[in-house]
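Atoms considered below: every heavy atom in the structure, side chains included; atoms not considered: hydrogens, waters and symmetry mates.
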Amino acid sequence: MTDMLYTGISQLVTPRPGPQRGAAMRELTVLEDAALLVSGGRIRWVGRRADAPASAEERDLGGVAVVPGLVDPHTHAVWAGDRLADFEARVEGVPYETILARGGGIRSTMRATAAATRDGLVALARPRLQALRDSGATTVEVKSGYGLDFDAEVRMLEAVRELGSEFALLPTLLIHVPPTEGRAGYVRAVCEELIPDVARAGLAAAVDVFCEREAFTLEETRAMLQAAKAHGLATKLHADQFHTLGGTELACELGALSVDHLEASGPAQVAALAASNTVATVLPGVTLHLGLPAAPARALVDAGACVAVGTDLNPGSSPVFSSQLALALAVRLCGLTPAEALSACTVNAAAALGLSDRGALVPGARADFLALHSADWRDLAFALGANPVRGVYVGGQPLKETKP
């Protein structure tokens with residue numbers, strides 16, 4: 001493959017490689033009048049344009065800012081049906097319990113998803129993933145969790161695998177909500193059948209469990225995550241969305257890659273995350289859409305934790321189809337600075353997925369990067385309603401390019 005030297009970069013801005021904690025999340029490298037050399041899908045050299053090595057081919061980006069490709073560490077991009085009636089009822093003041101009793105809520109999504117074919121799920125998810133990529137997401141995690149029955153869960157993960165030929169995806173088996181009957185048997189079957197089958201088929205990189213009053217208890221969550229570890233899968237948790245039940249502390253104890261949501265987290269959970277290697281993933285789209293308190297991202301950073309940001313793209317609580325918007329909302333709703341938000345959406349989001357080869361523009365890393373419309377990288381955190389991303393490059397290849 002021919003080397004490609006990208007020039008015409010007003011600012012090349014990157015965090016340091018690897019997970020960044022606390023104050024280090026603000027420490028970005030900013031190179032002006034920069035260039036980027038790509039070879040074999042990897043970054044070979046980064047520096048000042050005047051110092052660039054000779055290259056067989058050069059592409060001038062036109063004097064714009066360049067940042068690493070964003071990583072979305074938390075999505076539910078595969079689903080069928082919609083929750084528009086739920087949305088209308090909720091804004092009119094109908095309680096969620098009433099919506100559930102009417103047949104709506106998450107279980108309506110589960111019914112629609114379970115009834116969909118794998119090809120149907122692929123077709124529905126493709127434009128959602130395209131929207132995320134156009135917004136700057138070059139790597140995206142996708143969870144199952146809307147199947148309930150095991151065949152539907154497997155179909156969701158098979159859909160993710162098929163879409164992996166078009167997008168850089170990380171699949172996660174999500175154990176989302178328990179059945180209305182036979183709860184103990186369901187948890188046992190997840191541990192003894194679903195997790196081993198998914199691991200054997202290579203359909204997921206991790207297992208995630210929703211630990212919440214309306215979902216799984218701490219003891220049930222522990223059992224399923226221990227089963228995941230026994231079968232060689234990484235672990236993640238949904239925790240502290242509405243109540244603090246000990247899920248965050250369990251994630252830290254088990255060495256989970258991340259614990260996500262955290263809207264109800266307090267000082268004890270902040271301290272636990274600051275003392276652990278588990279990434280704290282915050283989801284500002286949920287705060288915007290549901291009106292929940294924001295996760296304490298500012299307190300987490302100040303305590304020295306590693307904080308990531310995701311869209312939580314889903315049909316019910318966070319219809320956010322833009323990773324750039326999630327970054328911008330993290331600044332406005334969660335109290336992050338633009339620099340912290342960039343670190344949270346790149347190297348720290350990669351760490352939340354167990355990835356160390358992307359998120360920073362340094363030699364040896366994957367050549368996943370964004371060219372903005374602006375000459376100033378801070379437009380990535382500033383823009384609302386317009387997409388500041390002009391070009392998306394994965395492995396050094398342009399997947400989206402628009403004219404200046």
Side-chain angles (χ1 to χ4, degrees), residues 19 69-79 106 125 128-129 131-133 135-146 156-157 160 167-176 204-212 215 225 234-241 247-248 251 256-265 273 278-290 292 294-295 297 300 305-330 333-334 336 341 343-355 358-359:
L70 306 183
V71 176
D72 193 335
H74 187 128
T75 84
H76 306 255
V78 175
W79 79 80
I106 189 172
R128 300 165 189 156
L129 294 169
L132 287 174
R133 187 161 69 189
S135 77
T138 52
T139 300
V140 176
E141 186 250 25
V142 183
K143 303 178 189 294
S144 69
Y146 291 132
M156 292 184 71
L157 292 171
V160 176
F167 305 92
L169 305 180
L170 267 289
T172 295
L173 171 64
L174 171 61
I175 314 303
H176 208 169
V207 171
D208 189 348
V209 179
F210 188 18
C211 182
E212 188 53 75
L225 294 183
T235 56
K236 302 168 74 69
L237 274 83
H238 283 55
D240 295 3
Q241 183 173 6
T248 291
L257 286 175
S258 72
V259 57
D260 303 24
H261 273 292
L262 307 173
E263 290 91 348
S265 295
L273 284 161
T278 295
V279 178
T281 299
V282 302
L283 308 167
V286 177
T287 293
L288 177 70
H289 191 64
L290 295 186
L292 295 179
L300 285 160
C306 178
V307 175
V309 170
T311 61
D312 194 18
L313 170 60
N314 74 74
S317 62
S318 184
V320 175
F321 292 77
S322 167
S323 292
Q324 176 272 331
L325 178 60
L327 185 156
L329 292 177
L333 301 180
C334 301
L336 298 183
S343 295
C345 289
T346 54
V347 287
N348 286 3
L353 300 178
L355 301 173
R358 65 201 72 186

Ignoring hydrogens, what is the shortest heavy-atom contact between [X] and [Y]? Give both atom names and the distance.
X    : Y    : value
Y146 : H176 : CE2-CE1, 3.7 Å
V71  : A350 : CG1-N, 3.9 Å
W79  : R128 : O-NH1, 3.0 Å
S323 : A137 : OG-CB, 3.4 Å
A326 : P284 : O-CG, 3.5 Å
T278 : A256 : OG1-O, 2.8 Å

Can you list the residues that meet the side chain to side chain contact (heavy atoms under 4.5 Å, CB included) rule with [X], with sequence neighbours excluded?
X    : value
H289 : F87, R90, P319
V320 : T311, S318, L325
A131 : F321
L257 : A234, K236

Hey, is the main chain of [Y] close enough, under 3.5 Å, to the side chain of [X] for a donor-acceptor pair?
X    : Y    : value
S144 : L174 : yes
T75  : L313 : no
N348 : C306 : no
D208 : H238 : yes
R133 : V140 : no
H261 : Q241 : no

Look up atom [atom1] in [X] and atom [atom2] in [Y], then write down how far apart they are to the nearest 0.5 Å.
X    : Y    : atom1 : atom2 : value
T248 : D240 : OG1   : CG    : 3.5 Å
C211 : I175 : SG    : CD1   : 13.5 Å
L170 : L353 : CG    : CG    : 5.0 Å
D72  : S135 : CG    : OG    : 8.0 Å
S258 : D260 : OG    : CG    : 3.5 Å
L157 : L173 : CG    : CG    : 6.0 Å

* side chain to side chain contact (heavy atoms under 4.5 Å, CB included) between L169 and L129: does it pass, once the steps are laid out? -> CA-CA 9 Å; L169 305 180; L129 294 169; 4.0 Å; yes

Side chains of [X] and [Y] in contact at under 4.5 Å (non-hydrogen atoms):
X    : Y    : result
H74  : K143 : yes
L262 : L273 : yes
T346 : L70  : yes
T281 : L283 : yes

* Asked: What residues form a side chain to side chain donor-acceptor pair (under 3.5 Å) with S322, not counting sequence neighbours?
  -> none

* Can you name the residues that form a side chain to side chain donor-acceptor pair (under 3.5 Å) with T172, not counting sequence neighbours? ->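 If we apply the side chain to side chain donor-acceptor pair (under 3.5 Å) test to T172, skipping adjacent residues, the hits are E141.
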
* Any donor-acceptor N or O pair under 3.5 Å, side chains T139, R358 -> yes

